[in-house]
Protein chains: 2
Amino acid sequence: MNIGEASSATGVSAKMIRYYESIGLIRAPLRTGSNYRVYGDDEVHVLRFVKRARTLGFSVDETATLLGLWQDKSRASGEVKDIAIGHIAALETKIAELQGMVKTLKHLAHCCGGDKRPDCPILDDLAGEGPITNRYRDD
Amino acid sequence: MNIGEASSATGVSAKMIRYYESIGLIRAPLRTGSNYRVYGDDEVHVLRFVKRARTLGFSVDETATLLGLWQDKSRASGEVKDIAIGHIAALETKIAELQGMVKTLKHLAHCCGGDKRPDCPILDDLAGEGPITNRYRDD
DNA sequence: CTTGACCTTCCCATGATGGGAAGGTCTATA
DNA sequence: TATAGACCTTCCCATCATGGGAAGGTCAAG
């Protein structure tokens, strides 16, 4: 398989496949006489693993660790679980942060007439001047 | 006020104040004879506005637009509301995405013994081989 | 006058990805 | 067989918002 075929087989762009190779996340594959990269089932399998881990929001570093654990027959599954649990916590922190933003913005948008009048509680809040809104400020 | 004083008065790092100036988000302030930037109440006000908008997750571009609307006395507040609503939608999309990841990961972690046995449903799922977990795959 | 805490500009790095140029290769068709 | 066009290769640059650090100037306190 060409890099293009490996790409469409895995959903990882050719650009990213080369990048993953350059940073050592995946091994350099064999080359044809004309210097084309050649991928087989094993490589495609690894790329799918990487793709899935990235889709789940693992960083490339975490993906590298998971990949190592995957290929290590003597691994302890507790180690993997720990990474997953840590990742869940990080995701939940991020979610809470975004939800805080949404809450504040919804409140502001609700208080904002949205018509042609220049008075705008959203801008007032951003400016730190809002006498109207019970602002959810964090300062 | 020095850039350092403006920084601690607003929570925006000196680095970022200079950066915001360089990209035209904020205006270049006056300088002392020895080329130090000098900030007054107006500038601090603008920086606080920027800080708040960034904290709420608006991009620098969106912040620039909001800043323009803030300083435009003839603005329509509907325009601001539209930006806020659009931003809320983007945040909610992101939240849903992260929640999907959390859901899948929690399911996997729950199914993972986390002990010393090498069998690990998390890795099996990442590898696309899991016969155990009812995977929440999107492919 | 020295010391240390500021300030200035300039360049580089991050993380993950895409864009694009310049040049080589392969395949189908005219 | 020649050519077109769809691949491949490497290399450099851009993104977005932020921080690090070097090299050099300035200011205030001791």
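In what follows, every chain begins at residue 1, and chains take the letters A, B, ... in the order their sequences are listed.
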Nearest-Å distance, CD1 (I17(A)) to C1' (dT9(D))? 14 Å
Length of the line joining K94(A):NZ and dG15(C):C1', which is rounded to integer Å: 14 Å
Ignoring backbone atoms, test whether R31(A) places a side-chain nitrogen or oxygen under 4.0 Å from the OP1 or OP2 oxygen of dT10(D). yes
Are there more than 12 heavy atoms of other residues, nucleotides or ligands under 6.0 Å from atom CG of L30(B)? no
Any side-chain heavy-atom pair of K106(B) and E92(A) under 4.5 Å: yes
Rounded to whole Å, CG of L25(A) lies from C1' of dG15(C) at a distance of 13 Å
In terms of side-chain geometry, is the basic nitrogen of E43(A) or R37(A) positioned less than 4.0 Å from the acidic oxygen of its partner? no
In this structure, how many angstroms lie between the C1' atom of dG4(C) and the CG atom of N2(B), rounded? 15 Å
Heavy-atom check, side chain of H87(B) versus side chain of L105(A), under 4.5 Å: yes
Would you classify S13(B) as touching base, sugar-phosphate or nothing, given that sugar-phosphate means primed atoms plus P, OP1 and OP2, and contacts are heavy atoms under 4.0 Å? sugar-phosphate
Please state whether the phosphate of dT17(C), meaning OP1 or OP2, lies under 4.0 angstrom from any side-chain nitrogen or oxygen of Y20(A). yes
Quick check: does any side chain N or O of R54(A) sit under 3.5 Å from a backbone N or O of F58(A), one acting as donor and the other as acceptor? yes
Using only side-chain N and O atoms of S34(B), determine if any of them is under 4.0 Å from OP1 or OP2 of dT8(C). no
Tell me: CG of N35(B) to P of dC7(C), nearest whole Å? 13 Å
Given dG18(C), dT17(C), dA17(D), the nucleotide with the shortest approach to the side chain of R54(A): dT17(C)
Which part of the nucleic acid, if any, lies within reach of S59(A) when heavy atoms closer than 4.0 Å are counted: base, sugar-phosphate only, or nothing? sugar-phosphate
Using a distance-only criterion (donor-acceptor N/O pair, under 3.5 Å, no hydrogens), is the base of dG24(C) paired with the side chain of Y36(A)? yes
May I ask you to verify if any side-chain N or O of R37(B) is less than 4.0 angstrom from the OP1 or OP2 atom of dC7(C)? no
Could you state the atom-to-atom distance from CD1 of I3(B) to P of dC27(D) in whole Å? 16 Å
When all nucleic acid strands are considered with a 4.0 Å heavy-atom cut-off, which category describes R18(B): base, sugar-phosphate, or nothing? base
When the distance from CG of L30(B) to P of dT8(C) is rounded to whole Å, what number comes out? 13 Å
Between P of dA13(C) and NZ of K15(B), the distance in whole Å: 14 Å
Judged by nearest nucleotide, the residue sitting upstream toward the 5' end of DNA chain D, G4(A) or V60(B), is G4(A)
